[in-house]
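One-based numbering, in listed order, for ligands and for the atoms of each. Small disclaimer: the values here were computed from a predicted structure and weren't measured.
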Amino acid sequence: MNKMKRTALVAAALGLAATGAYAQGNYPQRPITMVVPFAAGGPTDVIARIVGDHMSRTLGQQIVVENVVGAGGTTGMTRAVQAAPDGYTIAMGHMGTQGAAPALYPNLKYDPTKDFQPIGMAAGTPIVIVAKKDFPAKDLKGFIDNVKANATKLNMAHAGVGSVSHTTGVLLNSILDIKPTMVAYRGTGPALNDLMSGQVDFMTDQIVNVAPQITGGNIKAYAIATPERSPALPDLPTTKEAGLTTYEVSAWNAIFAPKATPKEITAKLVDALDKALDDETTRKRILDLGGVIPDKKGRGPESLQKLVESEVARWTPVLKAAGVVGQ
Ligand code: MLT
């Protein structure tokens with residue numbers, strides 16, 4: 001190679017490196033897509049829009065939610081993990097897509113423990129046992145008696161195999177030893193619509209989706225599956241108080257980027273999420289729906305990485321024991 005050619009190549013390489021550094025330093029310069037792997041209006045979508053709103057203001061660019069649904073949320077997360085790792089595609093994953101999916105999808109195109117750069121936890125979301133408003137039971141005991149006697153005639157709604165509503169529903173069914181007909185939706189947003197109109201009988205769902213409809217009397221709630229009651233639904237007993245001591249389960253929603261996203265960019269996303277979760281208005285919006293805001297220690301990338309690893313380890317044996325068939 002002659003000297004001129006070599007000089008030109010070096011200059012080009014330096015130029016590219018400078019452009020990369022420039023692009024990272026000036027990130028973001030255009031809107032960011034946040035993939036929500038479930039239908040609009042459901043819990044993942046709601047949390048994404050609440051935190052995305054404030055993050056957009058911090059970043060100076062709009063975070064645009066794109067609902068990419070299917071296969072219990074794994075279709076959307078696959079889209080996100082395969083996107084260019086440039087900070088312009090991130091995703092709101094959750095306990096199902098990042099914790100339960102590996103046990104249920106042998107051909108899953110991502111490893112939740114390895115293929116994402118965790119940004120941070122957005123909200124914890126307790127699980128509530130809910131039923132259509134004319135379900136003939138006054139309390140959890142009555143509900144359990146009813147579903148045990150009639151399970152084969154009852155429809156249980158969920159958001160697809162491996163979703164939060166599915167895994168927590170399967171867990172409840174295995175504890176109660178019942179086999180209702182499982183009806184899959186593209187998210188629990190649409191599932192809730194059918195629960196309100198009485199087309200399905202019951203489901204287990206994240207509090208942020210159901211709290212307003214419980215308060216409004218449009219559906220019945222029997223118990224919240226956390227050790228303590230929720231300030232958003234103070235009259236609702238815990239499963240333990242209501243006598244179902246073995247059913248305690250919570251979900252979470254968290255932001256992820258493709259693994260190779262540069263550190264300068266992920267640091268800005270981490271900071272924007274942190275600021276959103278410190279903002280009074282954003283906090284109120286989450287808390288009013290019963291969501292739990294992670295404290296400083298529990299919201300960063302390191303603790304999210306540990307959480308994903310522990311959730312995969314926790315859910316795999318549970319789902320296998322419950323006999324859930326993989327896809
Ligand atoms: C789930 O069950 O995984 C969620 O409710 C999904 C959703 O956001 O609809």
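- Taking the six-membered ring for Trp and thresholds of 30 and 60 degrees, His94 and Phe38 have ring planes inclined between 30 and 60 degrees apart.
- Atom 5 (O) of ligand 1 has its closest protein heavy atom at Thr188 OG1, 2.5 Å.
- Under 4.0 angstrom from ligand 1, the non-hydrogen atoms of Asp205 all belong to its side chain.
- Taking every heavy atom of Thr44 and a limit of under 4.0 angstrom, the matching atoms of ligand 1 come to 6 (C), 7 (C), 8 (O).
- Regarding atom 3 (O) of ligand 1, its nearest protein heavy-atom neighbour is His94 NE2, 2.6 Å.
- Residue Asp45 has no nitrogen or oxygen atom sitting less than 3.5 Å from a nitrogen or oxygen atom of ligand 1, judged on distance alone.
- Within a 6.0 Å sphere centred on CG of Asp177, heavy atoms belonging to other residues, nucleotides or ligands number 12 at most.
- Annotation for ligand 1: atoms under 4.0 Å from non-hydrogen atoms of Val164 are 1 (C), 2 (O), 3 (O).
- Under the rule for a salt bridge (charged side-chain N to carboxylate O under 4.0 Å, His left out), the partners of Lys114 that lie at least two apart in sequence or sit in another chain are Asp111.
- A side-chain contact (heavy atoms from CB on, under 4.5 Å) with Leu192 holds for exactly one of Val210, Val130, Val200; it is Val210.
- At a 4.0 Å heavy-atom cut-off, ligand 1 does not touch His158 at all.
- Taking 4.0 Å as the cut-off, Ala39 does not count as a neighbour of ligand 1 on heavy-atom distance.
- Contact atoms of ligand 1 toward Ser165: 1 (C), 2 (O), 3 (O) (distance under 4.0 Å to a heavy atom of the residue).
- By the criterion of a heavy-atom distance under 4.0 Å, neither the backbone nor the side chain of His166 is placed next to ligand 1.
- The pair Lys259-Asp115 fails the salt-bridge criterion, with no side-chain N (NZ, NE, NH1 or NH2) lying under 4.0 Å from an Asp/Glu carboxylate O.
- Within the set Gln206, Met95, Arg186, the minimum heavy-atom distance to atom 4 (C) of ligand 1 is found for Gln206.
- Judged by distance alone, the side chain of Arg299 and the main-chain N or O of Met121 form no donor-acceptor pair under 3.5 Å.
- Close contacts between ligand 1 and Gly187 involve ligand atoms 9 (O) [criterion: under 4.0 Å to a heavy atom].
- Geometric assessment of Arg30 against the ring of Tyr88 yields a positive cation-pi assignment under the 6.0 Å and 45° thresholds.
- For Phe202 and Tyr222, the ring centers are positioned 6.0 Å apart or more.
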